[in-house]
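Data block below; observations after.
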Amino acid sequence: MPDSSKAHWEKIYQTKNHEQVSWTQAVPQNSLDFIYGFDLPKTAKIIDIGGGDSKLVDHLLEAGFINLTVLDISATALEKTKLRLGKEAETLKWIVADITEFQPEDSYDLWHDRATFHFLTGEDAVNAYVNMVAKAVSQYLVIGTFSENGPETCSGLPVRQYTATLLQQCFQSSFKKICCRTKDHTTPFQTTQNFLFCSFKRL
């Protein structure tokens, strides 16, 4: 993503609150169901890509996970989450980075991404992401994108829509698909976005 993308997301998080953005979820149940289904130890290294001000980490902390990382292109988004978590924020690792430029220093047991991957619309960016995941993930991968019935744009930016087959093809060189499911997300504006979630296990 170019620098203009960073400016785009910073502006959104600086000017809109939690109830004014389409991706808001009080409880990210679908993601949690996938994560808890892996039966990972509480010490597992988990990274949430594009976590922004998502409440996923709140629930993972409550469940007892102690090795959490949140990455987002927007520093403002991460500051909002830190403020919400208070003292608990000190136990997490926070990374401000454009995912296309991220160079992981750790190996992660679980890589979770709800709605970042589909913003990568060029082949070079998609391939860079796939190669990064292949190097950085030791066990499980959960990717949530807009489905073929989902929006073609989000927050003023174009996105890629995926079918289960297309998403599986992206990661098949390093991961085996566990399962895929579609899920309607109701936005705070009472519109519906159809998501595709797929889970994968390292080959």
Side-chain angles (χ1 to χ4, degrees), residues 1 3 5-117 119 132-133 136-144 154-155 183 185-190 193 195 197 199:
M1 295 180 195
D3 289 342
S5 241
K6 179 172 177 58
H8 176 87
W9 291 111
E10 290 292 7
K11 182 178 180 180
I12 285 176
Y13 282 108
Q14 288 167 4
T15 59
K16 296 186 178 184
N17 64 35
H18 204 60
E19 295 305 316
Q20 294 175 307
V21 292
S22 64
W23 52 87
T24 292
Q25 291 180 300
V27 181
Q29 194 61 56
N30 203 50
S31 295
L32 292 170
D33 288 345
F34 272 112
I35 294 170
Y36 295 158
F38 298 140
D39 199 26
L40 289 164
K42 302 305 183 188
T43 54
K45 284 189 176 182
I46 299 174
I47 186 168
D48 187 18
I49 302 299
D53 62 352
S54 162
K55 293 186 176 179
L56 179 67
V57 290
D58 305 53
H59 292 278
L60 293 178
L61 282 168
E62 187 177 343
F65 288 96
I66 62 172
N67 214 333
L68 305 175
T69 298
V70 184
L71 178 148
D72 202 273
I73 195 171
S74 168
T76 303
L78 296 184
E79 287 303 319
K80 286 186 175 185
T81 304
K82 291 179 186 179
L83 186 63
R84 186 179 72 239
L85 291 176
K87 274 276 189 183
E88 284 190 299
E90 298 173 8
T91 68
L92 277 70
K93 184 173 182 180
W94 306 91
I95 300 174
V96 179
D98 181 325
I99 189 58
T100 63
E101 299 171 355
F102 178 44
Q103 296 182 345
E105 297 177 354
D106 294 311
S107 176
Y108 299 100
D109 298 298
L110 169 64
W111 178 289
H112 173 269
D113 174 348
R114 174 184 177 263
T116 294
F117 186 58
F119 282 108
M132 182 192 310
V133 168
V137 181
S138 61
Q139 292 196 63
Y140 296 103
L141 172 65
V142 175
I143 300 283
C154 182
S155 297
K183 186 77 173 179
H185 166 62
T186 303
T187 73
F189 326 120
Q190 299 307 303
Q193 298 175 332
F195 272 82
F197 281 86
S199 60

- Can you tell me how far the CD1 atom of Ile47 sits from the CG atom of Asp109, to the nearest 0.5 Å? 12.0 Å
- How close do Leu56 and Ser31 get, heavy atom to heavy atom, and via which atoms? CD1-CB, 4.1 Å
- Measure the CZ-CD1 distance between Phe102 and Ile95 for me, rounded to the nearest 0.5 Å. 4.0 Å
- Query: Is there a donor-acceptor contact under 3.5 Å from the side chain of Lys42 to the main chain of Ala63?
  - Reply: yes
- Message: If you count every heavy atom of other residues, nucleotides or ligands that lies below 6.0 Å from Lys183 atom NZ, does the total exceed 12?
- Response: no
- Task: Please test Phe119 against Ile99 for side chain to side chain contact (heavy atoms under 4.5 Å, CB included), starting from the C-alpha separation and ending with a verdict.
- Result: CA-CA 10 Å; Phe119 282 108; Ile99 189 58; over 6 Å; no
- Message: A side-chain contact here means heavy atoms from C-beta on lying under 4.5 Å apart; do Ile35 and Leu60 qualify?
- Response: yes
- Note on the structure: Heavy atoms of Pro28 and His59 approach each other most closely as CD-CD2, 3.6 Å
- Between the CH2 atom in Trp94 and the CG atom in Leu71, the distance rounded to the nearest 0.5 Å is 11.5 Å
- Euclidean distance, Leu68 CG relative to Thr91 OG1, rounded to 0.5 Å: 7.0 Å
- In Å and rounded to the nearest 0.5 Å, what is the CD to CG distance from Glu79 to Asp53? 12.0 Å
- Is the backbone of Ile49 close enough, under 3.5 Å, to the side chain of Trp111 for a donor and an acceptor to pair up by distance? no
- Task: Please examine the side chains of Asn30 and Phe195, heavy atoms only from C-beta on, and report whether any two atoms are closer than 4.5 Å.
- Result: no
- Heavy-atom nearest pair, Asp48 first then Ser54, reads OD2-OG, 4.2 Å
- Note on the structure: Scanning both residues in full, the closest heavy-atom pair of Ser74 with Ala77 reads OG-N, 3.0 Å
- Task: Would you confirm whether Thr81, through its side chain, and Gly52, through its main-chain N or O, come within 3.5 Å as a donor-acceptor pair?
- Result: yes
- Item | Check: Ser138 side chain, Tyr108 main-chain N or O, donor-acceptor pair, under 3.5 Å | yes
- Note on the structure: Scanning both residues in full, the closest heavy-atom pair of Lys55 with Arg84 reads CA-NH2, 3.6 Å
- Using a 4.5 Å cut-off on heavy atoms from C-beta on, say whether the side chain of Thr116 contacts that of Ile73. no
- Gln139 CD to Ser107 OG distance, which is reported to the nearest 0.5 Å: 8.5 Å
- Could you tell me whether the side chains of Asp98 and Thr100 share a donor-acceptor contact shorter than 3.5 Å? yes
- Message: Donor-acceptor check, side chain of Asp113 to backbone of Ile143, threshold 3.5 angstrom: yes or no?
- Response: no
